[in-house]
Amino acid sequence: MRRPLHGWLVAEALSLTGTRVSMIAIPLFVLEQTGSATQTGLVALAEMLPLVVLKVLGGPVIDRVGARRVAVTCDLLSLVVVAAIPLLFDLGLLSFPGFLALVAGAGALRGPGDGAKHAMVPALVASAGIAMERATGLSSTVERTASMLGAGLAGVLVATLGAQNALLVDAATFGLSALVLSWATKGLPATSGTGGGTVVGSEPVPYLEQLREGWDFLRRDPLLLGISVMVAVTNLLDAAWSSVLMPVWSIESGEGAATLGVLFAVMSGSSALGAVCAATIAARLPRFRTYLFAFLLCGLPRFAVFVVDTPLAGVVAVFVVAGFASGFINPVLGAVMFERIPDHLVGRVSSLTSAMCWALMPLGGLVGGVLFDTGGLALAMGACGLAYLAATMLPAVDPRWRDMDRRPEPTTAADEDASVRG
């Protein structure tokens with residue numbers, strides 16, 4: 001039964017397209033209204049901090065209430081919160097503290113909402129009967145394609161309607177996502193991550209104990225923990241790059257919002273192509289070497305082109321190569337992580353790993369803003385690029401990371417029959 005997987009992918013495409021619009025529209029809106037890179041970073045902090053906290057706290061709720069129900073509810077509430085920003089601004093009722101509060105509310109809803117959608121993956125894979133790397137590759141393809149379309153759409157919307165009105169599109173995509181997900185996954189079996197919670201006898205395990213079970217499992221798995229920490233650092237640097245440094249570059253260089261949107265779209269489009277290739281061949285590639293090579297191409301180069309005065313054509317070329325390489329990263333890391341998480345812990349552990357990956361992102365905007373205000377764009381880009389290189393290449397000297405290449409043995413019919421009899 002593949003309708004749930006296909007519907008989930010469509011819902012992801014809708015919400016991710018809208019989210020990409022807001023990722024460009026919100027920092028440009030703040031820069032237009034305040035002219036301050038530091039305040040732009042503060043807005044990023046206001047969104048990302050509750051997002052990360054609620055990702056952590058939402059794991060046991062996802063396992064107990066059901067991922068589908070949490071995802072649909074969060075999308076519907078996000079529709080209301082995000083739409084309130086442009087509506088209140090147009091009425092002259094949006095103060096900066098009120099804006100921060102609404103952005104924080106949107107982040108608080110995205111945390112458990114994204115965590116719930118993420119936790120549905122094992123059940124969707126089981127229902128569709130496909131390989132995990134194919135599913136994570138398709139998911140990554142949708143993510144990158146939606147980012148490409150959202151970035152291009154954001155550039156057009158901001159240039160024609162204004163940054164604040166572009167957020168109405170983001171709000172609408174949340175509503176459409178909720179409708180599609182609710183319809184498509186209605187018949188999905190209520191396995192782990194889609195309904196129910198861990199129980200002792202007939203009583204649910206207390207919330208705090210469920211939360212601790214997830215953390216205990218994560219801290220005992222050095223590879224899962226290492227991946228989470230590494231991605232946390234790169235996400236911080238990506239947040240500084242995308243939410244502050246790139247918008248500042250678009251203004252300083254005179255290229256404007258349209259060029260910024262095109263560059264993000266180019267990178268996302270080539271990344272989507274890379275993810276399609278990953279969905280097709282990643283199951284046959286050595287995971288560890290693929291990880292290292294992909295990060296070498298997609299990390300430092302896209303920072304380095306802004307340290308020196310690179311022509312726009314050169315920037316585009318680097319974004320194409322970096323984007324294609326980045327398309328292999330999430331399918332590989334996603335497959336490794338899902339294979340190592342037991343079914344009954346998928347909601348909690350996947351939420352915790354996701355929260356750890358996002359944990360430093362609230363500081364990304366502030367880091368980018370402070371680095372720029374301190375030493376200018378070239379210094380900020382160079383410092384972030386070197387830090388990115390160090391974070392992604394350090395695993396090359398840690399032998400535990402080579403466990404990425406250990407794939408689970410395929411389950412045969414005889415194994416399943418023996419398991420039933422046992």
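Between Pro27 and Val244 there is no side-chain heavy-atom pair separated by less than 4.5 Å. Val349 has its side chain out of reach of Glu213: every pair of non-hydrogen atoms, C-beta onward, lies at least 4.5 Å apart. For the pair Phe328 and Leu333, the minimum side-chain heavy-atom distance is 4.5 Å or more. Inter-residue side-chain proximity for Met246 and Ile24 is flagged as unmet; no heavy-atom pair is nearer than 4.5 Å. Val61 has its side chain out of reach of Pro112: every pair of non-hydrogen atoms, C-beta onward, lies at least 4.5 Å apart. Here the side chains of Val320 and Met267 are not in contact, with every heavy-atom distance at 4.5 Å or above. Side-chain contact check for Ser242 versus Phe264: some heavy-atom pair is nearer than 4.5 Å. For the pair Arg110/Glu47, a side-chain contact is recorded, criterion being any heavy-atom separation below 4.5 Å from C-beta on.
Contact detail for Ala240 and Cys384: the closest heavy-atom pair is CB-SG, 4.4 Å. Between Ser228 and Leu218 the shortest heavy-atom distance is OG-CD1, 4.5 Å. Contact detail for Ala166 and Val158: the closest heavy-atom pair is CB-CG2, 4.3 Å. Of all heavy-atom pairs between Cys298 and Ile329, the closest is SG-CD1, 3.5 Å. In this structure, Arg340 and Pro342 approach most closely via the heavy-atom pair O-CD, 3.7 Å. When all heavy atoms are compared, the tightest approach of Ser78 to Leu109 is OG-CB, 3.4 Å.
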*Worked verdict on Arg400 versus Asp403 for salt bridge (Lys or Arg N to Asp or Glu O under 4.0 Å)*: CA-CA 6 Å; Arg400 292 174 296 185; Asp403 281 350; over 6 Å; no
Pair Val53-Leu57, side chain to side chain contact (heavy atoms under 4.5 Å, CB included): steps then yes or no:
CA-CA 6 Å; Val53 172; Leu57 299 179; 3.9 Å; yes
request  = Before giving the answer on side chain to side chain contact (heavy atoms under 4.5 Å, CB included), spell out for Leu88 and Leu102 the whole-Å C-alpha distance, their side-chain angles and the decisive distance to 0.1 Å.
outcome  = CA-CA 11 Å; Leu88 290 175; Leu102 288 171; 3.9 Å; yes
Inset, instruction - Please report the C-alpha distance between Gln164 and Phe99 in whole Å, then the side-chain angles of each, then the deciding distance to 0.1 Å, and finally whether the side chain to side chain contact (heavy atoms under 4.5 Å, CB included) criterion is met. - result: CA-CA 11 Å; Gln164 74 281 1; Phe99 176 66; over 6 Å; no
**Asked** Do Phe217 and Leu352 pass the side chain to side chain contact (heavy atoms under 4.5 Å, CB included) test, and can you show the C-alpha distance, the side-chain angles, and the key distance before you say yes or no?
**Response** CA-CA 10 Å; Phe217 176 84; Leu352 282 169; over 6 Å; no
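Atoms CG and CE, on Leu386 and Met381 in that order, are 13.0 Å from each other to the nearest 0.5 Å. Atoms CD1 and CZ, from Ile62 and Arg68 in turn, are 15.0 Å apart once rounded to the nearest 0.5 Å. Glu252 contributes atom CD, which lies 5.5 Å from atom CG of Leu377 (distance to the nearest 0.5 angstrom). Distance CD1/Ile26 to CE/Met23: 10.0 Å, rounded to 0.5 Å. Distance check, rounded to the nearest 0.5 Å: CG of Asn235 to CG of Leu363 gives 12.5 Å. A distance of 8.5 Å separates CG of Asp221 from CD1 of Ile341, quoted to the nearest 0.5 Å.
Contacts classified as salt bridge (Lys or Arg N to Asp or Glu O under 4.0 Å) and involving residues 349-363 (residues at least two apart or in different chains) are not found. For residues 300-329, every residue pair satisfying the side-chain hydrogen bond (donor to acceptor under 3.5 Å, both in side chains) rule, not counting sequence neighbours, is listed here: Asp238-Arg302, Ser271-Ser326, Arg302-Tyr388. Each ring-ring contact (aromatic ring centres under 6.0 Å, His included) pair with one or both residues in residues 56-94, not counting sequence neighbours, appears once here: Phe29-Phe89.
For Thr234, there are no side-chain hydrogen bond (donor to acceptor under 3.5 Å, both in side chains) partners at least two apart in sequence or on another chain. Residues forming a side chain to side chain contact (heavy atoms under 4.5 Å, CB included) with Asp170 (at least two apart in sequence, or on another chain): Thr19, Ser22, Val82, Thr173, Phe174.
The aromatic rings of Phe306 and Phe319 stand perpendicular to each other, their planes meeting at an angle above 60°, with 30° marking the opposite boundary. Ring planes of Tyr291 and Phe295: perpendicular class, angle over 60° (limits at 30 and 60°).
Side-chain atoms of Arg287 come within 3.5 Å of backbone atoms of Met404 as a donor-acceptor pair (strictly under, hydrogens ignored). Looking at Thr374, its side chain never comes within 3.5 Å of a backbone N or O of Leu371 through a donor-acceptor pair.
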Which donor-acceptor pairs under 3.5 Å do the side chains of residues 5-12 make with protein atoms, sequence neighbours left out?
{"from": "His6", "atom 1": "ND1", "to": "Arg2", "atom 2": "O", "distance (Å)": "3.4"}
{"from": "Trp8", "atom 1": "NE1", "to": "Lys117", "atom 2": "O", "distance (Å)": "3.2"}

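For Trp241 and Phe372, the ring centers are positioned 6.0 Å apart or more.
In the displayed structure, Phe293 atom CZ is contacted under 6.0 Å by at most 12 heavy atoms of other residues, nucleotides or ligands.
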